[in-house]
2 protein chains.
Amino acid sequence: MVTMREIAHKAGVSVSTVSLVLSGKDSGRVNTKDAARIRQLAHDMGYTMNPLARSLRTNRTKILGFVSEEVATTPYAGRLILGAQDAASRNGYVMLTVNTDGLASEKKEIEALKSYGVDGFLYAKMYNQYIHLPDDLQGHPTVLVDALDGDRGNIPSISPDEFLIGYDATCRLADAGCRKIAYIGCSDPMLAQDGRRQGYEAALADRGLTLSRDLEIAVGNERGASRAVCKLWDQTQPDGFFCFNDARALHVYEQAARRGLYVGKDISVIGVDNHLVFAQTLNPRLTTVELPHYEMGYWAVSKLISLIEGDNRSSSSILHRNGQDTALPVSTVPIPSLEAKTPVRIHCAIIEKESIVS
Amino acid sequence: MVTMREIAHKAGVSVSTVSLVLSGKDSGRVNTKDAARIRQLAHDMGYTMNPLARSLRTNRTKILGFVSEEVATTPYAGRLILGAQDAASRNGYVMLTVNTDGLASEKKEIEALKSYGVDGFLYAKMYNQYIHLPDDLQGHPTVLVDALDGDRGNIPSISPDEFLIGYDATCRLADAGCRKIAYIGCSDPMLAQDGRRQGYEAALADRGLTLSRDLEIAVGNERGASRAVCKLWDQTQPDGFFCFNDARALHVYEQAARRGLYVGKDISVIGVDNHLVFAQTLNPRLTTVELPHYEMGYWAVSKLISLIEGDNRSSSSILHRNGQDTALPVSTVPIPSLEAKTPVRIHCAIIEKESIVS
DNA sequence: CTGAAAGCGCTTACAG
DNA sequence: CTGAAAGCGCTTACAG
């Protein structure tokens with residue numbers, strides 16, 4: 001590894017000068033010709049700065065801490081991490097990822113990240129929920145992912161807009177010609193279930209379609225789920241299904257197979273999916289949309305960096321595409337079975353708050 | 001952050017002494033009573049060592065670099081990372097994870113890791129394959145995951161024992177009473193496909209069961225796959241299916257549904273799964289076994305650390321369970337449909353080579 | 001515009 | 001057994 005001293009020696013200047021130039025603080029302070037020569041030399045010698053040495057003086061490591069619970073069990077985490085890493089890499093940061101199972105390990109892992117002097121934290125949950133920021137994170141720049149600050153509410157966060165997800169999906173089913181749309185929900189209590197169901201109901205109301213308790217069920221992961229779907233089907237004969245997730249969608253798919261029906265031909269299905277690959281490769285007839293995890297990760301890191309560096313560029317603009325406003329539109333898989341050529345959009349709610357001074 | 005200087009001041013000794021004690025090099029060099037006092041003081045003051053400052057002197061950061069291609073698209077990566085992180089955390093290391101899509105970004109990301117002074121690298125591929133170690137990694141302690149060194153072959157690696165996977169699964173089907181076992185394979189060329197098919201065939205031969213080309217197909221991810229399974233079924237009427245992965249298994253499941261048959265009652269299915277959650281929660285009747293990704297990650301990091309620290313404890317012993325030898329047995333989901341109470345085991349081949357001197 | 005000097009928190013010969 | 005000193009690679013007032 002080549003150091004500033006070596007460059008200084010070769011250039012016949014002092015280390016101070018090299019430092020000034022290489023950290024871009026040379027304008028009006030170092031002779032332009034020298035500056036250029038030093039930069040060239042650094043490049044030729046393959047200089048890469050030692051961020052650790054720098055951090056000793058600056059207290060800035062350009063390391064971000066990613067604290068997540070059980071990266072393990074949820075496949076979506078991959079895309080989230082990918083988005084986060086891309087954003088980090090783009091800004092010259094790097095990510096230290098730790099995993100926590102319980103509260104004990106969380107404290108320990110956060111301490112470890114602190115000892116490495118991370119500049120800020122990403123705190124990610126497995127599903128959308130209100131949380132209390134861990135005490136160890138208080139006062140440190142932090143952005144929440146798939147979580148909302150349940151306290152005073154001043155922590156920036158990004159999480160899916162569950163209502164819009166349900167609303168969009170249901171509208172799309174209606175637009176595809178479905179007249180009787182069922183909702184196969186989740187029996188566990190979570191923000192996502194409530195929001196998506198409300199979106200579903202609002203869409204039905206807006207489109208003047210049947211709104212009936214008989215068309216809604218909330219099932220768990222147990223064996224009875226498939227039977228419940230079977231019963232709903234017998235009673236109401238829906239022509240469209242909005243499913244809380246891919247697990248629920250598969251029950252619909254199974255029932256369709258047992259009835260000799262084909263999804264995409266006889267009935268329409270939209271399921272929200274955390275696991276795009278499966279849906280795409282396994283079963284082209286099972287239509288799913290994925291949550292914009294990549295974008296969430298990307299936004300979260302961009303936001304965190306702007307907190308850290310204290311700049312005021314609006315981080316929400318990072319994800320402005322297609323002229324959307326507060327919602328984060330994301331292109332996902334096209335839905336051939338609904339004959340829609342346009343991609344489905346899933347929205348993310350972005351909560352921006354005051355920067356935290358550390 | 002409390003420093004050694006503060007402790008030294010409070011203890012009335014020099015920083016050198018504190019350093020000696022706190023890094024465990026005090027025996028026979030520092031008064032035992034003082035040592036104990038310093039240790040107590042450090043604990044009371046909540047001292048945590050600054051590993052970055054230390055690294056400036058020692059060239060050891062206790063940071064591991066994890067280089068993987070597209071953490072994103074494969075769900076199994078989560079468990080791999082989890083295992084790796086657990087092993088790292090257990091040994092006082094921390095992991096810097098980077099993602100590469102193409103070769104260009106790979107070089108860049110590896111450079112970034114180097115500039116942060118990582119002590120060693122994990123180089124993980126998405127599926128079992130022979131590879132050429134990137135030049136930038138040459139001479140650095142490195143362990144391969146889901147990959148085998150295609151060159152001189154001196155890089156330690158861990159990857160699934162594909163043959164044993166196929167052999168075990170097929171034997172289990174035979175033991176469950178299946179007399180005509182089909183193999184639904186993968187049409188893409190990969191080590192896993194060849195190995196698993198060979199294991200399947202060997203098991204059939206050992207158990208004296210029908211071995212026929214008609215019972216084997218290799219399908220891709222396209223729509224025709226389900227039709228191919230349908231045709232095989234019509235022609236041969238198997239009572240057991242060994243599936244390359246869960247995607248293939250689902251085709252079997254679909255065909256069973258369309259025929260009014262139930263997996264686990266009328267036929268038996270074993271699929272190798274990269275995505276345990278789905279299989280478990282979605283469809284209790286679809287029987288899959290998962291690859292031991294957690295264990296692979298854990299082993300790889302343990303091995304890497306032993307390379308770095310140059311100790312000679314056999315790292316394969318780390319994963320010795322159930323008295324197995326070179327193979328890595330892993331307990332996975334029980335298989336109720338086959339009425340087996342014992343867990344299925346999947347094996348990993350561990351390739352241990354000479355340590356690399358950096 | 002430029003360099004000498006001090007210092008970030010630690011480790012490690014070296015002299016006592 | 002113990003401490004003063006040098007140094008890891010960098011940054012940043014400060015003096016010229």
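Computed over heavy atoms, backbone and side chain alike; hydrogens, waters and symmetry mates excluded. Labels below follow one simple rule: chain letters A, B, ... track the order of the sequence lines, proteins then strands, and each chain is numbered from 1.
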Practice task
Looking at every strand, decide which applies to B:Asp34 at a 4.0 Å heavy-atom threshold: base, sugar-phosphate, or nothing.
Solution key: sugar-phosphate
Problem - Note, B:Ser68 side chain near B:Tyr123 side chain (heavy atom, < 4.5 Å) - result: no
Exercise for the section: Tell which nucleotide pairs with D:dA4, taking only Watson-Crick or G-U wobble pairs whose two distances are both under 3.5 angstrom. Expected result: none
Exercise for the section: May I ask which nucleotide in the shown strands pairs with C:dA13, Watson-Crick or G-U wobble, both distances under 3.5 Å? Expected result: none
Fill in the blank from the handout: Reading nucleotides 3-13 of chain C from 5' to 3' and marking B where a protein heavy atom lies under 4.0 Å of the base, S where only the sugar-phosphate is that close, and - otherwise, the string is BBB-BBBBBB-
Problem - Residues A:Lys107 and A:Asp136 bridged, charged N to O under 4.0 Å - result: yes
Handout entry: Pair A:Asp26 + A:Arg29: basic N to acidic O under 4.0 Å
Key = no
Handout entry: Min side-chain heavy-atom separation B:Arg37-B:Asp34 under 4.5 Å
Key = yes
Problem - Exercise: do B:Ser19 and B:Lys25 side chains pair donor with acceptor under 3.5 Å - result: no
